[in-house]
Colleague: 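Provided herewith is a single structure, encoded as structure tokens, for subsequent inquiry.
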Amino acid sequence: MRYWLLKTEPECFGIRHLEAAPNQTTFWDGVRNYQARNMLRDDMKPGDRVLYYHSNADPSAVVGTAKVVRGGYPDHTAQDPKADHYDPKHTAMNPIWYVVDVKLDEVFPRELALDELRSVPALKSMELLKKGSRLSVMPVTKAEFDVVVKLAHKRVTAS
DNA sequence: GCCAACGTTGGC
DNA sequence: GCCAACGTTGGC
């Protein structure tokens with residue numbers, strides 16, 4: 001089993017959208033970057049765990065967890081000329097872009113904003129926290145995943 | 001809105 | 001295959 005971090009924008013497909021989706025499941029589409037595509041297509045398998053991250057948010061934060069329920073399969077939205085991420089080079093015969101299905105695990109009792117994550121020594125080498133890391137899919141270690149989940153459940157004491 | 005950090009494109 | 005120009009991402 002592997003561990004991942006997926007980025008969404010809260011207004012676009014935030015964790016509340018996932019929560020409201022039928023069966024709390026949706027396909028995670030719109031990736032148009034080859035490195036990220038390769039991970040979706042080749043590496044993400046049912047049962048993998050996912051940290052759900054909100055980017056361009058106030059504050060940007062990890063807000064919950066999800067599970068991969070279906071591994072990479074072609075992103076049909078790439079074939080829709082009206083879709084945001086339409087790509088004429090993508091066809092049913094020769095798909096370029098891929099999606100996975102994810103199902104909500106948990107909305108964290110509290111968000112873990114970037115600055116808080118940065119303050120945790122165990123997360124120092126987390127991909128998300130590296131300068132210039134822009135991929136919307138990135139691998140996370142089991143240790144990092146566990147630390148983040150634990151932290152989200154830790155009661156915050158007034159300082 | 002600024003800007004750094006990438007990725008992609010295309011001329012050569 | 002190099003590299004400049006351009007586009008996008010995303011934190012701030």
Side-chain angles (χ1 to χ4, degrees), chain A residues 2-21 26-44 48-66 68 71-102 104-141 143-145 147-149 151-152 154 156 159:
Chain A
R2 299 203 203 192
Y3 298 82
W4 306 95
L5 182 142
L6 295 185
K7 281 184 194 169
T8 63
E9 302 203 6
E11 332 74 50
C12 177
F13 205 90
I15 199 157
R16 294 298 174 188
H17 300 249
L18 182 58
E19 192 177 37
T26 189
F27 59 96
W28 197 74
D29 68 322
V31 167
R32 296 294 180 267
N33 168 286
Y34 287 101
Q35 239 181 300
R37 186 281 309 268
N38 291 347
M39 290 189 266
L40 291 178
R41 188 189 57 186
D42 304 332
D43 301 327
M44 296 185 78
D48 286 1
R49 307 288 304 277
V50 167
L51 292 176
Y52 210 86
Y53 176 76
H54 284 170
S55 65
N56 288 315
D58 188 21
S60 293
V62 178
V63 293
T65 58
V68 178
Y73 62 100
D75 183 352
H76 65 82
T77 68
Q79 285 166 252
D80 177 2
K82 293 191 297 294
D84 272 356
H85 301 281
Y86 173 61
D87 182 352
K89 294 195 295 295
H90 173 112
T91 65
M93 291 300 289
N94 284 302
I96 300 173
W97 305 114
Y98 285 75
V99 300
V100 296
D101 285 355
V102 294
L104 179 70
D105 250 353
E106 182 199 15
V107 180
F108 283 161
R110 66 188 193 91
E111 301 191 343
L112 296 176
L114 272 186
D115 55 355
E116 180 171 1
L117 297 176
R118 272 192 240 278
S119 73
V120 180
L123 301 177
K124 221 167 78 182
S125 50
M126 207 178 170
E127 192 71 30
L128 176 72
L129 304 181
K130 287 183 186 156
K131 200 173 175 184
S133 112
R134 298 181 312 159
L135 284 188
S136 52
V137 194
M138 46 184 98
V140 167
T141 67
E144 289 162 350
F145 185 92
V147 166
V148 168
V149 171
L151 192 58
K154 196 161 127 187
V156 198
S159 54

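Computed from a predicted model, the values in this text were never measured in an experiment. Numbers restart at 1 for each chain; the letters A, B, ... are given by sequence-line order, proteins then strands. Heavy atoms only: backbone and side chains are in, while hydrogens, waters and symmetry mates are out.
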Colleague: Start with the C-alpha distance between A:Trp28 and A:Asp101, add both sets of side-chain angles, then the distance that settles side chain to side chain donor-acceptor pair (under 3.5 Å), and finish with yes or no.
Modeller: CA-CA 6 Å; A:Trp28 197 74; A:Asp101 285 355; over 6 Å; no
Colleague: Would a 4.5 Å heavy-atom cut-off, applied to side chains only, mark A:Asp48 and A:Trp4 as touching?
Modeller: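 Heavy-atom side-chain distance check passes, below 4.5 Å.
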Colleague: Between A:Asp75 and A:Arg41 (salt bridge meaning N to carboxylate O under 4.0 Å), is one present in this structure?
Modeller: no
Colleague: Nearest whole Å is fine: how far is C:dT9 C1' from A:Leu5 CG?
Modeller: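 The distance from CG of A:Leu5 to C1' of C:dT9 comes to 15 Å, rounded to the nearest Å.
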Colleague: Can you classify the ring geometry of A:Tyr52 versus A:His54 as parallel (below 30°), tilted (30 to 60°) or perpendicular (above 60°)?
Modeller: perpendicular
Colleague: Could you list by number each residue of residues 117-127 of chain A showing a heavy-atom separation from DNA chain C of less than 4.0 Å, or answer none if no residue does?
Modeller: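 A:Arg118, in order of number.
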Colleague: Test A:Lys124 against A:Glu144 for salt bridge (Lys or Arg N to Asp or Glu O under 4.0 Å), laying out the working first.
Modeller: CA-CA 9 Å; A:Lys124 221 167 78 182; A:Glu144 289 162 350; over 6 Å; no
Colleague: For A:Lys154, does the NZ atom have more than 12 heavy-atom neighbours from other residues, nucleotides or ligands under 6.0 Å away?
Modeller: no
Colleague: Between A:His54 (NE2) and C:dT9 (C1'), how many Å, whole number?
Modeller: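 Going from NE2 in A:His54 over to C1' in C:dT9 covers 17 Å.
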Colleague: Output the residues of residues 83-92 of chain A in contact with DNA chain B, where contact means a heavy atom of the residue under 4.0 Å from an atom of the strand; sort by number or write none.
Modeller: none
Colleague: Which heavy-atom pair separates A:Pro74 from A:Tyr98 by the least distance, and what is that distance?
Modeller: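 What the structure gives for the nearest pair is N-CD2, 3.6 Å.
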Colleague: Rounded to the Å, how far apart are A:Lys7 NZ and C:dG11 P?
Modeller: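 Checked: the NZ to P distance equals 6 Å.
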Colleague: Within this structure, what is the CG-to-C1' distance between A:Leu129 and B:dA5, rounded to whole angstrom?
Modeller: 16 Å
Colleague: Would you kindly give the CG-to-P distance between A:Leu114 and C:dG10, to the nearest whole Å?
Modeller: 11 Å
Colleague: Determine, for A:Arg49 against A:Asp105, whether the closest basic-nitrogen to carboxylate-oxygen distance falls under 4.0 angstrom.
Modeller: yes
Colleague: Does A:Glu11 come within less than 4.0 Å of A:Arg16, counting only side-chain N to carboxylate O?
Modeller: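 No, no charged N to carboxylate O under 4.0 Å.
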Colleague: Which parts of residues 30-37 of chain A get close to DNA chain B, meaning a heavy atom less than 4.0 angstrom away?
Modeller: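 Residues of residues 30-37 of chain A under 4.0 Å from DNA chain B: A:Asn33, A:Tyr34, A:Gln35.
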Colleague: B:dA5 P sits how many Å from A:Lys130 NZ, rounded?
Modeller: 15 Å
Colleague: Between A:Lys131 and B:dA4, does any side-chain N or O lie under 4.0 Å from OP1 or OP2?
Modeller: no
Colleague: Could you check if a side-chain atom of A:Val50 sits within less than 4.5 angstrom of a side-chain atom of A:Leu5, using non-hydrogen atoms only?
Modeller: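 Not in contact.
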